[in-house]
Asker: 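Here it is, the structure in full.
We count ligands from 1, going down the list as the structure has it; atoms in each ligand are counted the same way.
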Amino acid sequence: MGQNASTRLQARGYKTIVFVICIVAALGGLLFGLDQGFINNALAPLTEHYGLDVSSQESYSAILAMGGIVGALLSGIFARFLGRKRSLMMAGFIFCAASAYSSLLPALPVLSACRFMLGFGVGIASFVVPLYLSETAPASIRGSMGTLFQLMITIGIFLISVTNVLIAKAFVNTEAALPYMFLTITFFALFMFAGSFILPESPRWLMLKGRREGAVAVLRRTLNSEEEIEKEINEIAVALESDSQSKVFPVMRGYFLKVLLVGVLLQMFQQLVGINMMIYYSATIFGYAGMTGLIAMLTVPTVNMIFTFPAIHWVEKWGRKKLLYVGAAIMFVTMLAAGFAFHSIGDVSDSALIGSGPKMLLLAAVILYIFGFAVSWGPVAWLVCSEIFPLGGREIGMTVTTMVNWTFAGLVMNYALSFMAKFGNASIFYLFAGFCVLAILFVSRFVPETKGVTLEKIESNLKAGVSLRRLGER
Ligand code: BGC
């Protein structure tokens with residue numbers, strides 16, 4: 001987003017601070033993407049420098065997911081006790097410190113510990129950023145801001161894929177190249193860390209801590225009229241009041257468990273449609289089909305980023321559910337097509353013998369698949385998880401759902417290639433196609449449409465026993 005987006009926001013009556021909020025907080029998404037996309041083109045120089053064997057390559061890659069799980073687990077506690085803003089500052093600091101230390105190319109156990117810490121930062125960011133944006137953004141652009149988080153993830157994955165290729169080309173010597181690869185992360189982390197100092201705290205968190213004055217002061221900065229502020233404060237107060245009146249901790253209540261199930265399944269399916277097989281291993285998979293070079297290395301990150309842009313607009317225009325259906329349907333068809341491409345390649349061991357038909361089919365299927373994910377499950381899963389939980393249980397709800405996301409991401413990263421080796425290259429695509437069908441059934445049965453509804457309305461519907469699918473009705 002540049003000058004244009006800022007001007008548009010202002011023209012629509014949003015204050016500059018709203019713009020600053022979304023940019024700085026979304027840098028958390030960028031760092032998520034930088035770390036997620038780092039491995040793809042950095043593993044070769046790392047392998048050369050550290051003399052890694054396959055299993056240590058895998059453990060170095062996967063340790064990010066472990067850090068992500070632990071970070072997500074603790075981030076609910078951080079967000080509640082330190083506040084959203086300070087948690088963002090902490091994540092920014094961890095990103096800076098762990099990437100800068102990695103650039104010194106320490107011994108492998110220390111380097112791995114740094115990657116764990118990067119994952120830890122990602123776990124915090126992937127929890128706190130959507131939470132912060134959903135609580136601080138005015139309802140009318142909440143969806144777009146939530147989607148911005150996903151956009152920044154995809155920009156991060158793209159950016160690091162490109163810079164790592166360029167850095168590797170610029171230096172013949174891996175020892176010289178690797179520090180710059182890590183320092184690219186440090187560079188952006190510094191912006192996030194410094195920027196997080198100027199963010200206002202979430203008004204909902206301030207209210208949760210009984211700091212009404214502070215909440216009003218923040219809303220004065222983000223909203224335009226006293227009426228809007230009054231309305232927002234009252235809605236938050238009502239939501240908090242009804243939580244404090246209840247003797248049972250909100251997370252033990254039936255209505256909370258219902259939405260928790262929705263969030264858990266949403267994040268599980270976001271991973272089980274197979275996205276991280278593509279993000280981590282697309283170059284390898286294209287290689288199995290005899291395709292190498294820049295197309296193999298950059299197609300996935302590029303398409304992923306480009307098509308997340310329209311999603312920002314579509315998520316508010318068409319709503320969350322329509323995108324989830326359309327995305328899962330596209331991913332279903334394209335997974336079948338990719339499976340079919342590998343089927344027709346069969347067991348050819350010499351890649352020179354692979355015809356252009358299956359290659360083109362695979363390339364087209366992958367491009368369309370990434371398109372399908374980028375405009376739907378990528379942004380929408382995170383967004384809906386930031387919207388459905390009642391305030392009193394929002395941290396716990398988002399902690400659990402974020403951990404589920406990382407757990408299934410880790411499983412896909414760990415097993416995708418060995419699954420292909422064991423059951424044949426086509427098999428995994430059919431498996432993921434099957435999960436797309438289950439995802440569609442799940443959406444139709446359980447997922448509410450939350451477009452344009454205030455978080456408080458969703459919460460009051462939930463507490464009034466409205467069925468899951470209708471939670472977003474006004
Ligand atoms: C997912 C990540 C994935 C990324 C790709 C995110 O929404 O949670 O696991 O790597 O999208 O863009």
Asker: Look at atom CZ of F93 and say whether more than 12 heavy atoms of other residues, nucleotides or ligands are closer to it than 6.0 Å.
Answerer: no
Asker: Can you tell me which residue and heavy atom of the protein come closest to atom 3 (C) of ligand 1, and the distance to 0.1 Å?
Answerer: N276 OD1, 3.6 Å
Asker: At a 4.0 Å threshold, what atoms of ligand 1 neighbour a non-hydrogen atom of I157?
Answerer: 5 (C), 12 (O)
Asker: Does E201 pair with R84 as a salt bridge, N-O distance under 4.0 Å?
Answerer: no
Asker: Side chain or backbone of W377 under 4.0 Å from ligand 1, or both, or neither, by non-hydrogen atoms?
Answerer: neither
Asker: Within a distance under 4.0 Å of any heavy atom of F373, pick out the atoms of ligand 1 and give their elements.
Answerer: 11 (O)
Asker: Within ligand 1, which atoms have a heavy atom of Q36 less than 4.0 Å away?
Answerer: 2 (C), 3 (C), 9 (O), 10 (O)
Asker: Among all protein heavy atoms, pick the one closest to atom 1 (C) of ligand 1 and tell me residue, atom and distance.
Answerer: Q270 OE1, 3.5 Å
Asker: Go through ligand 1 atom by atom and flag the ones less than 4.0 Å from a non-hydrogen atom of N405.
Answerer: 8 (O)
Asker: Using modelled atom types only, decide if a donor and an acceptor are shared between the side chain of R445 and the backbone of L441 within a distance under 3.5 Å.
Answerer: no
Asker: Determine the sole option in I124, L88, T399, V128 for which the side-chain contact (heavy atoms from CB on, under 4.5 Å) test with F78 is passed.
Answerer: I124
Asker: Given 3.5 Å as the limit, does a donor-acceptor pair link the side chain of Y180 with the main chain of S103, or not?
Answerer: no
Asker: Between E449 and R320, is there a donor-acceptor pair closer than 3.5 Å when you use the side chain of the first and the backbone of the second?
Answerer: yes
Asker: Counting non-hydrogen protein atoms only, what is the nearest one to atom 11 (O) of ligand 1? Give residue, atom name and distance.
Answerer: Q150 NE2, 3.0 Å
Asker: What protein heavy atom lies closest to atom 12 (O) of ligand 1? Include the residue and the distance to one decimal.
Answerer: N304 ND2, 2.9 Å
Asker: Under 4.0 angstrom from ligand 1, any heavy atom of G378?
Answerer: yes
Asker: Going by the atom numbers of ligand 1, which of them fall below 4.0 Å from some non-hydrogen atom of T154?
Answerer: 12 (O)
Asker: Output yes when K451 and E387 qualify as a salt bridge under the 4.0 Å nitrogen-oxygen rule, no when they do not.
Answerer: no
Asker: Please check if the number of heavy atoms outside Y101 that lie under 6.0 Å from its OH is greater than 12.
Answerer: no
Asker: I need the atoms of ligand 1 closer than 4.0 Å to a non-hydrogen atom of Q271, numbered in the order shown.
Answerer: 1 (C), 2 (C), 8 (O), 9 (O)
